[in-house]
Amino acid sequence: MNQTTLNLFDTMKRQIIPFNAIKNGKVSLYACGPTVYDYAHIGNLRTYLFVDTLKRVFTLNDYQVNHVMNITDVGHLVSDGDTGEDKMEKGARKQNKSAWEIARYFENIFFNDLAKLNISRPNITCRATEHIQEQIEFIQSLEEQGFTYLTDDGVYFDTRKLNDYGKLARLDKLGLSPGKRIELGDKKSPTDFALWKLSGRRQRQMEWPSPWGIGFPGWHIECSAMAEKYLGKQFDIHIGGEDHIPVHHTNEIAQCEAKNGHIQANYWLHGYFLQLDNEKISKSGVSLTLNTLIEKGFDPLDYRYLTLTSHYRSHLNFTWQGLAGAQKARRRLMTKLQSLPKGGKIDPSYQSQFVGFINQDFNMPRALALVWAILDSHLNGADKRATLVYFDQVFGLDMEREVKLIIPVEIEKLAQQRHQLKQQGNYQDADQIRAELEKLGYQINDSADSYQLSTMS
Ligand code: AMP
Ligand code: ZN
């Protein structure tokens with residue numbers, strides 16, 4: 001395969017560039033991981049689906065991917081302006097558990113969600129709390145080179161020392177007046193950011209000694225220190241959600257350039273947000289988890305299908321109707337594919353169209369549309385199946401898996417209620433529930449002392 005045809009959108013330069021800078025067929029990739037103070041919402045998961053799809057595209061192009069992801073289990077403050085509480089400590093208080101407990105608990109659930117969505121694990125997962133020394137050394141190097149200053153509150157990065165601070169987001173430093181858009185506190189400039197925060201009189205569960213006093217690392221430093229440890233001073237791609245452009249990635253770029261004298265990653269890619277009825281979805285505000293979708297009878301892969309219908313650089317507005325459409329389409333696709341004979345060959349013409357789409361800035365919607373074109377095409381059944389299974393290496397939809405019916409929790413409850421009523425001899429109310437279930441699209445078949453639910457065809 002011609003690797004120079006792979007094109008990525010480079011957010012920094014705002015242009016599509018030929019992706020020929022990746023050497024020796026090996027991609028080094030750092031993806032900002034979750035802050036584990038609560039359940040991941042499906043917006044977060046959209047970003048990790050994007051990372052997974054990107055890895056699959058590289059793999060199909062015969063690249064070997066080395067994927068590193070951090071777990072933010074300390075230091076991510078409620079406000080991006082370095083004020084407010086640590087999200088971990090706040091989450092711990094809310095849930096009446098220790099910050100350490102909730103960190104491990106939600107990290108576990110996060111990885112379970114990834115598995116349900118067919119997202120492969122990173123080669124290396126690293127926790128911020130287990131890399132305190134690396135972060136301290138990073139800050140010391142910045143300090144030696146004169147990029148930091150000390151306040152009563154901690155060690156700050158002095159953004160005035162870098163000429164091109166904010167180039168990723170094209171930030172206009174002069175436009176940021178103190179106290180207006182960002183709280184200044186002890187900072188010399190509104191864009192300065194904390195590298196190390198001192199605990200001071202705050203009661204903290206997570207804190208460590210440092211040359212500047214007892215405290216904890218700022219959020220941005222963890223990614224820079226761990227990325228450098230596992231991928232070196234310069235690597236290929238750094239990924240996160242679009243919210244990382246103005247603050248988190250901007251600050252990572254600044255501190256790495258200050259320390260090492262060059263850009264840390266060659267490409268900075270950002271997944272655009274999933275929105276809920278055009279509102280921002282967030283863990284602390286309007287949230288929706290993968291488990292909620294499952295309870296409502298959706299397969300996690302229905303959600304994966306839905307995310308493939310939009311480009312990663314477009315906002316995706318989540319609606320239940322949209323998800324139901326994705327569910328229907330995925331089931332139809334799987335049923336059709338599974339009715340086709342095995343043993344065919346991948347069609348070369350569709351293959352090259354497919355590779356063309358995915359290699360042009362990951363155009364998944366166009367690649368997905370090709371699936372339906374193939375099903376309607378004149379190819380023989382076995383070749384259709386072989387070609388679609390080849391595509392599925394990138395889609396990750398498990399197209400050959402048995403189509404299983406997931407019963408929504410509410411429906412299961414109604415069915416159980418009806419079963420009990422029947423056992424009590426209350427056939428009138430039981431029949432009423434049967435009618436209600438039928439209206440909702442479910443059919444009940446009774447056996448000796450049990451029942452089975454199926455969808456009305
Ligand atoms: P967090 O757990 O808040 O650190 O976020 C984990 C990842 O999810 C980051 O890469 C965020 O940029 C990303 N993210 C947050 N909200 C959304 C959203 N609504 N849609 C897509 N990605 C998101
Ligand atoms: Zn990060």
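For ligands, and for the atoms within them, numbers begin at 1 and follow the listed sequence.
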Checklist entry - Taking the six-membered ring of F138, is the NZ or CZ of K259 close enough (under 6.0 Å from the centre) and on axis enough (within 45°)? => result yes

In the protein, which heavy atom is nearest to [atom], and how far is it?
atom                    : value
atom 12 (O) of ligand 1 : D243 OD1, 2.5 Å
atom 22 (N) of ligand 1 : T47 OG1, 2.7 Å
atom 2 (O) of ligand 1  : K283 NZ, 2.7 Å

What about [X]: any of its N or O atoms under 3.5 Å from an N or O on ligand 1?
X    : value
G240 : no
L274 : yes
R46  : no
W219 : no
F273 : no

Item to check | H76 and E222 side chains, donor-acceptor separation under 3.5 Å | outcome: no

Next on the checklist: Is it true that R331 and T455 share a donor-acceptor pair across their side chains at a distance under 3.5 Å?
Outcome noted: no

Checklist entry - Which part of Q275 is near ligand 1, with near meaning a heavy atom under 4.0 Å away: side chain, backbone, both or neither? => result neither

Checklist entry - Less than 6.0 Å separating the ring centroids of H244 and W219? => result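 Yes: the rings meet the under 6.0 Å criterion.
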
Next on the checklist: If you take the centroid of each ring, where Trp contributes its six-membered ring, are Y230 and H131 closer together than 6.0 Å?
Outcome noted: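 Ring centres of Y230 and H131 closer than 6.0 Å.
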
Item to check | Shell of protein N/O/S atoms around the Zn ion (ligand 2), taken as anything under 2.8 Å | outcome: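 Checking every protein N, O and S atom gives C32 SG, C223 SG, H248 NE2.
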
Next on the checklist: As an exercise, identify every atom of ligand 1 less than 4.0 angstrom from a heavy atom of Y48.
Outcome noted: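 Answer for ligand 1: 6 (C), 7 (C).
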
Checklist entry - Any idea which atoms of ligand 1 are less than 4.0 Å away from a heavy-atom of T35? => result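 Checking each atom against T35, I get 1 (P), 2 (O), 4 (O).
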
[Y]/[X] salt bridge by N-O under 4.0 Å criterion:
X    : Y    : result
D299 : R304 : no
R93  : E85  : yes
D361 : R313 : yes

Item to check | Working for salt bridge (Lys or Arg N to Asp or Glu O under 4.0 Å), residues E207 and R202 | outcome: CA-CA 10 Å; E207 57 183 13; R202 274 181 295 248; over 6 Å; no

Item to check | Reported OG-to-CG distance for the pair S28 and N266, which is rounded to 0.5 angstrom | outcome: 8.0 Å

Checklist entry - ring-ring contact (aromatic ring centres under 6.0 Å, His included): which pairs involve residues 79-123, sequence neighbours left out? => result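 Only Y39-F106, Y48-F110 qualify under ring-ring contact (aromatic ring centres under 6.0 Å, His included).
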
